[in-house]
Amino acid sequence: MKKRNITPWFTQPLPSEITPPEVVANRRKILKLLAASAATPALANWAMRDAKASMVSSDSRQLLSSTPSSLAGARLDDALTPYDDATTYNNYYEFGLDKSDPAKNAGAMPIRPWSVNIEGLVHKPGVWSLEDLLGLSAMEERIYRLRCVEAWSMVIPWVGYSLAELIKKVEPMGNAKFVEFVTMADPRTMPGLRSGVLDWPYTEGLRMDEAMHPLTMLAFGMYGEVLPNQNGAPVRLVVPWKYGFKSAKSLVSIRFVEEMPATAWNKAARHEYGFYSNVNPDVPHRRWSQSSERVIGQGGIFSPKRKTQLFNGYAEQVGQLYAGMDLERNF
């Protein structure tokens, strides 16, 4: 793997107060425009990726050591997505609606110091510093598929460990049935918050057994290096059998709750983005098919599509979580 010049990580202070802006009235209009363009202009944008790859700075990258994971499903043989594709073709609407906006704008977000609040129905609530999270468990490299709801995919080598390691430490109460994830929302460094496309801050959620599954990951790095800001630095969720928007970035709070939490995309378009959002080729989006996907970084925009697999290819590992469920109704 090609390495670039490495310099120390950011040391800027974390904003002392996070106040998300009010959601503007045109949210639905923006959602429709985004959805209508999902399968064409978004991929056209990918065709210009080589010019945008220069946005990735080599001056803010730092190695993050790990060992290869022995977990079933965590060592794919698929070809890796090129680093420059994975870091310049991103959905991170807090930094803008265009795929190239995160790489252009995310560098302004301070990521040191950083902390994550553990809240809700746990016996050990509290604040975990980034340093404490980094030291909680041994770092593993896991090669996962990433499938976007927009019908494109990547293969990324993440660095981190199972979210279950943190959950066990904080000791959830018996009535904690779900885990809610809250992400950074700082209007001073995130120009996309002004769009009003979602109800900020961005929130996501998992059922407790999903959160405890060993494949569900807290990621601190990718490609053997610290996460770039545009990919969710300094710590993000990775749930490989679900559509990419379920893997919340730049986490600031993890809450343990009894009722199913409202999530950002489900609140914005309930009939299009279900709570579970498991990858399923047999359940189309309201405006496009999910039966196939474009593999980013392999052959260009006109290359043949690949058939999408149930649970993104992780059915053997996670299928039992949904035994007896109607996957069309519980999408």
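All figures in this text were calculated on a predicted structure; none of them were measured in a lab.
Between the side chain of Q309 and the backbone N or O of Y314, no donor-acceptor pair lies under 3.5 Å. Between the side chain of R145 and the backbone N or O of N312, at least one donor-acceptor pair lies under 3.5 Å. Although no hydrogens or angles enter the test, the distance criterion places a donor-acceptor pair under 3.5 Å between the side chain of N105 and the main chain of F95. The backbone N or O of P228 lies less than 3.5 Å from no partner atom in the side chain of N231, so there is not a single donor-acceptor pair. Between the side chain of T183 and the backbone N or O of Y202 there is at least one donor-acceptor pair closer than 3.5 Å. One N or O on the side chain of N266 and one on the backbone of Y273 form a donor-acceptor pair closer than 3.5 Å. Within the 3.5 Å criterion, the main-chain N or O of V239 finds a donor-acceptor partner in the side chain of S247. Side chain of W241 to main chain of G319: no donor-acceptor pair is present (N/O by atom type, distance under 3.5 Å, no hydrogens or angles). Listed for the Y144 side chain is a donor-acceptor partner under 3.5 Å among the backbone atoms of L215. A donor-acceptor pair under 3.5 Å is absent between the side-chain atoms of N90 and the main chain of A103, judged by distance alone.
I111 approaches L130 most closely through the heavy-atom pair O-CD2, 4.2 Å. Contact record, P187 with A185: CD-O, 3.6 Å, taken as the closest heavy-atom pair. Taking every heavy atom of both residues into account, R147 and S292 meet most closely at NH2-O, 3.3 Å. For T81 against A86, the heavy-atom pair with the smallest separation is CG2-N, 4.1 Å. Annotation for V149 and W288: closest pair O-NE1, 2.9 Å, computed over non-hydrogen atoms. Nearest heavy atoms, P157 versus E141: CB-OE2, 3.7 Å.
Counting only heavy atoms from C-beta outward, the side chains of Y92 and S250 approach each other to under 4.5 Å. Counting only heavy atoms from C-beta outward, the side chains of L166 and I118 approach each other to under 4.5 Å. Within the 4.5 Å cutoff, no side-chain heavy atoms of R207 are placed close to those of K177. Side-chain contact between L206 and L237 is present, with heavy atoms from C-beta onward closer than 4.5 Å. You'll find the side chain of E94 reaches within 4.5 Å of the side chain of W200, heavy atoms only. Residues F311 and L321 are not in side-chain contact: their nearest non-hydrogen atoms beyond the backbone lie 4.5 Å or more apart. Side-chain contact between M184 and W114 is present, with heavy atoms from C-beta onward closer than 4.5 Å. The shortest side-chain heavy-atom distance between M217 and E140 does not fall under the 4.5 Å cut-off.
The cluster map of Ile, Leu, Val, Met, Phe, Trp and Tyr, joined by side-chain heavy atoms under 4.5 Å apart, puts F331 and V318 in different clusters. Both L71 and W158 are assigned to one and the same hydrophobic cluster, defined by single-linkage of ILVMFWY side chains at heavy-atom distances under 4.5 Å. If you chain together hydrophobic residues whose side chains sit under 4.5 Å apart, V127 and I167 never meet in one group. Each of V279 and V283 belongs to its own hydrophobic cluster when Ile, Leu, Val, Met, Phe, Trp and Tyr are linked at side-chain heavy-atom distances under 4.5 angstrom.
For F178, the ring pair (Phe, Tyr, Trp, His ring centres under 6.0 Å) partners two or more places apart in sequence, or in a different chain, are F275.
Summarising the geometry, atom CG belonging to L136 is positioned 6.5 Å from atom CD belonging to E165; distances are rounded to the nearest 0.5 Å. Between the CH2 atom of W265 and the OG atom of S277 there is a distance of 11.0 Å, given to the nearest 0.5 Å. A distance of 8.5 Å separates SG in C148 from CZ in F245, rounded to the nearest 0.5 Å. The distance from the CE atom of M208 to the NE2 atom of H213 is 15.0 Å, given to the nearest 0.5 Å. In this structure, the separation between CG on L63 and CD on E225 is 6.0 Å, given to the nearest 0.5 Å. Note that CE of M109 is 9.0 Å distant from CD of Q230, once rounded to the nearest 0.5 Å.
Each salt bridge (Lys or Arg N to Asp or Glu O under 4.0 Å) pair with one or both residues in residues 230-252, not counting sequence neighbours, appears once here: E204-K246, E210-K242. The salt bridge (Lys or Arg N to Asp or Glu O under 4.0 Å) analysis of residues 119-136, with sequence neighbours excluded, yields the pairs R112-E131, E119-R255, K124-E171.
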Run the side-chain contact (heavy atoms from CB on, under 4.5 Å) test on L218 and Y161 for me, step by step, so that the C-alpha distance in whole Å, both residues' side-chain angles and the decisive distance to 0.1 Å come before the verdict. CA-CA 6 Å; L218 280 181; Y161 52 77; 4.2 Å; yes
Are Y322 and N330 close enough, and set up right, to give a side-chain contact (heavy atoms from CB on, under 4.5 Å), and what steps lead you there? CA-CA 9 Å; Y322 311 101; N330 297 290; over 6 Å; no
Hey, mind stepping through S153 and Q298 against side-chain contact (heavy atoms from CB on, under 4.5 Å) and telling me if it holds? CA-CA 10 Å; S153 65; Q298 293 187 17; over 6 Å; no
With side-chain contact (heavy atoms from CB on, under 4.5 Å) as the criterion, how do L163 and F181 come out once you've worked through the C-alpha distance, each side chain's angles and the decisive distance to 0.1 Å? CA-CA 12 Å; L163 173 64; F181 304 90; 3.7 Å; yes
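Counting non-hydrogen atoms of neighbouring residues, nucleotides and ligands closer than 6.0 angstrom, the CD atom of Q320 exceeds 12 such neighbours. Enclosure of atom NE2 in H123 by more than 12 non-hydrogen atoms of other residues, nucleotides or ligands within 6.0 angstrom is indicated.
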